[in-house]
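All values below were derived from every heavy atom in this structure, side-chain atoms included, with hydrogens, water molecules and symmetry-related copies excluded. None of these values were measured; they are calculated from a predicted model.
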Amino acid sequence: MNCVSSIELMPKPFDWIDVPAGRVTLREMDCENDGFTMKVIDFDVSAFAIAKYPVTNAQFAVFISAGGYNQQKWWTKDGWQERLNEDWQQPRFWNEAEFNKPDYPVVGVSWYEVIAFCQWLSELSAENITLPTEQQWQWAAQGDTRWSYPYGDHFDEARCNFNTQGTTSVLKYEGKDKGDSPFGVVDMSGNVWEWCLTKYDTNENRLDGNDVRVLRGGSWASGTSVHLRADYRDGYHPSYGDDLWGFRIARL
């Protein structure tokens with residue numbers, strides 16, 4: 001099979017950002033007898049590449065056209081079973097015009113669907129493409145700044161899609177004076193929550209199982225800026241797709 005690079009396969013806007021190795025601090029809430037306390041864990045992160053933008057509708061449409069929902073080889077065991085049970089043929093909200101503009105982030109995709117997308121793109125490109133781990137995601141959002149938000153320590157609603165009526169173009173907040181992270185990664189705060197590879201409760205990054213998976217970054221519907229912090233973590237069952245949720249990819 002003749003491989004085509006991910007850059008050639010993906011409609012624009014698409015690009016990779018090379019992220020150097022570093023060390024990141026994750027903050028997890030632990031429930032103890034006396035209430036909630038914060039657990040702080042440091043992780044070393046090896047160098048990797050991350051997509052500059054969230055995956056768009058135009059890009060996900062290539063996966064659909066390639067038979068992505070009909071090829072079991074790209075799906076995890078649990079994901080394929082869920083696809084059969086629910087008769088998935090495309091993302092939820094795919095036919096709702098307000099969400100389906102070409103350069104808007106795809107929404108309504110479960111973790112299972114985005115893993116299938118990654119494995120499809122890996123096969124076609126011969127690149128090792130996956131979801132970012134939670135640690136990679138936060139490192140790409142903060143670098144060694146330890147900022148609360150990708151662009152700085154103070155929340156600025158002019159730099160992100162926050163508390164609005166729907167998604168916006170992944171290009172809208174691009175720029176060093178807008179929402180870019182220290183590495184130049186775009187739209188990591190607001191617009192859509194982004195699926196990560198990591199299991200929420202165990203920090204494992206295996207593909208097997210139906211464990212709750214991490215979501216990062218907040219969304220257009222977030223009513224509190226806390227959700228848009230670079231270190232805020234959420235999670236949900238991998239079978240569920242919401243109009244608040246999308247994803248970006250990583251390359252190892």
Side-chain angles (χ1 to χ4, degrees), residues 17-32 35-54 105 111 114 130-163 170 173-174 176 178-205 211-236 238 242 244-250:
I17 298 290
D18 291 322
V19 181
R23 190 166 179 83
V24 68
T25 300
L26 268 64
R27 305 180 186 279
E28 301 180 3
M29 298 300 294
D30 282 344
C31 187
E32 299 180 348
F36 284 96
T37 60
M38 188 78 78
K39 181 169 65 175
V40 178
I41 310 175
D42 289 328
F43 292 91
D44 291 318
V45 180
S46 300
F48 67 104
I50 194 166
K52 186 173 184 178
Y53 313 94
W111 185 88
V114 303
T130 184
L131 286 178
T133 66
E134 180 175 23
Q135 295 86 354
Q136 288 171 333
W137 192 98
Q138 185 171 319
W139 178 242
Q142 283 182 319
D144 58 9
T145 67
R146 303 295 179 97
W147 284 340
S148 298
Y149 303 94
Y151 50 79
D153 244 345
H154 302 288
F155 178 69
D156 184 349
E157 61 183 288
R159 295 184 177 213
C160 57
N161 182 9
F162 163 76
N163 196 25
V170 299
Y173 298 99
E174 181 176 10
K176 291 182 179 179
K178 292 186 179 179
D180 287 9
S181 83
F183 297 116
V185 188
V186 180
D187 227 16
M188 298 194 82
S189 185
N191 213 6
V192 289
W193 287 98
E194 298 182 10
W195 284 111
C196 293
L197 186 62
T198 307
K199 296 183 179 184
Y200 186 87
D201 293 319
T202 65
N203 286 316
E204 295 176 317
N205 295 310
D211 307 73
V212 170
R213 300 284 174 161
V214 170
L215 287 156
R216 286 298 200 110
S219 80
W220 58 269
S222 294
T224 171
S225 61
V226 171
H227 291 171
L228 277 67
R229 287 178 58 95
D231 60 359
Y232 185 87
R233 69 195 307 260
D234 204 347
Y236 221 90
D242 198 289
L244 315 178
W245 300 348
F247 71 110
R248 79 177 67 226
I249 54 179

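Between L244 and A221, the closest heavy-atom pair is CD2-CB, 3.4 Å. Of all heavy-atom pairs between V212 and G235, the closest is CG1-C, 3.6 Å. Across all non-hydrogen atoms, the minimal contact from R248 to K52 is NH1-O, 3.0 Å. Nearest heavy atom pair, residue P105 against residue P54, reads CB-CB, 4.1 Å. Shown here for A141 and A230, the closest heavy-atom pair between the two residues is CB-CB, 4.1 Å. Residues V114 and F247 come closest through the heavy atom pair CG1-CD2, 3.2 Å.
Here OH of Y200 is found 10.0 Å from CG of L215. Values are rounded to the nearest 0.5 Å. The CZ atom of R23 sits 13.0 Å away from atom CG of D144, with the distance rounded to the nearest 0.5 Å. Between the CD atom of E204 and the CG atom of L197 there is a distance of 11.0 Å, given to the nearest 0.5 Å. Once rounded to the nearest 0.5 Å, the distance linking OG1 of T130 with CZ of F48 reads 11.5 Å. Distance check, rounded to the nearest 0.5 Å: CG of N161 to CG of L228 gives 9.0 Å. How far SG of C160 is from CE of M188: 13.5 Å, rounded to the nearest 0.5 Å.
Side-chain atoms of F162 and H227, non-hydrogen and from C-beta on, never get closer than 4.5 Å to each other. With contacts defined as side-chain heavy-atom distances shorter than 4.5 Å, the pair F43/W139 does not qualify.
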request  = Determine, step by step, whether E134 and L26 satisfy the side chain to side chain contact (heavy atoms under 4.5 Å, CB included) criterion, reporting the C-alpha distance in whole Å, the side-chain angles of both residues, the deciding distance to 0.1 Å, and the verdict.
outcome  = CA-CA 9 Å; E134 180 175 23; L26 268 64; 3.5 Å; yes
task = For side chain to side chain contact (heavy atoms under 4.5 Å, CB included), just list the numbers for Q138 and R233, CA-CA rounded to whole Å, side-chain angles, deciding distance to a tenth of an Å, and then say yes or no.
result = CA-CA 10 Å; Q138 185 171 319; R233 69 195 307 260; over 6 Å; no
message = Under the criterion side chain to side chain contact (heavy atoms under 4.5 Å, CB included), I'd like the reasoning laid out for T25 against Q142: C-alpha separation, chi angles, the key distance, then a yes or no.
response = CA-CA 10 Å; T25 300; Q142 283 182 319; over 6 Å; no
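Between the side chains of R159 and S189, no donor N or O sits under 3.5 Å from an acceptor N or O.
Applying the side chain to side chain donor-acceptor pair (under 3.5 Å) rule to N203 yields the partners E28; only residues at least two apart in sequence or on another chain are considered. Qualifying ring-ring contact (aromatic ring centres under 6.0 Å, His included) partners for Y149, counting only residues two or more places apart in sequence or in other chains: Y151, F155. In this structure Y236 satisfies the ring-ring contact (aromatic ring centres under 6.0 Å, His included) test together with Y240, W245, sequence neighbours excluded.
No donor-acceptor pair closer than 3.5 Å links the side chain of Y173 to the backbone N or O of K178. In terms of modelled atom types and a separation under 3.5 Å, the side chain of R27 and the main chain of Y232 share no donor-acceptor contact. At distances below 3.5 Å, at least one donor-acceptor pair connects side-chain atoms of D153 with backbone N or O atoms of S148. Remark: side-chain polar atoms of R213 are not paired, donor with acceptor, to backbone N or O of C196 under 3.5 angstrom.
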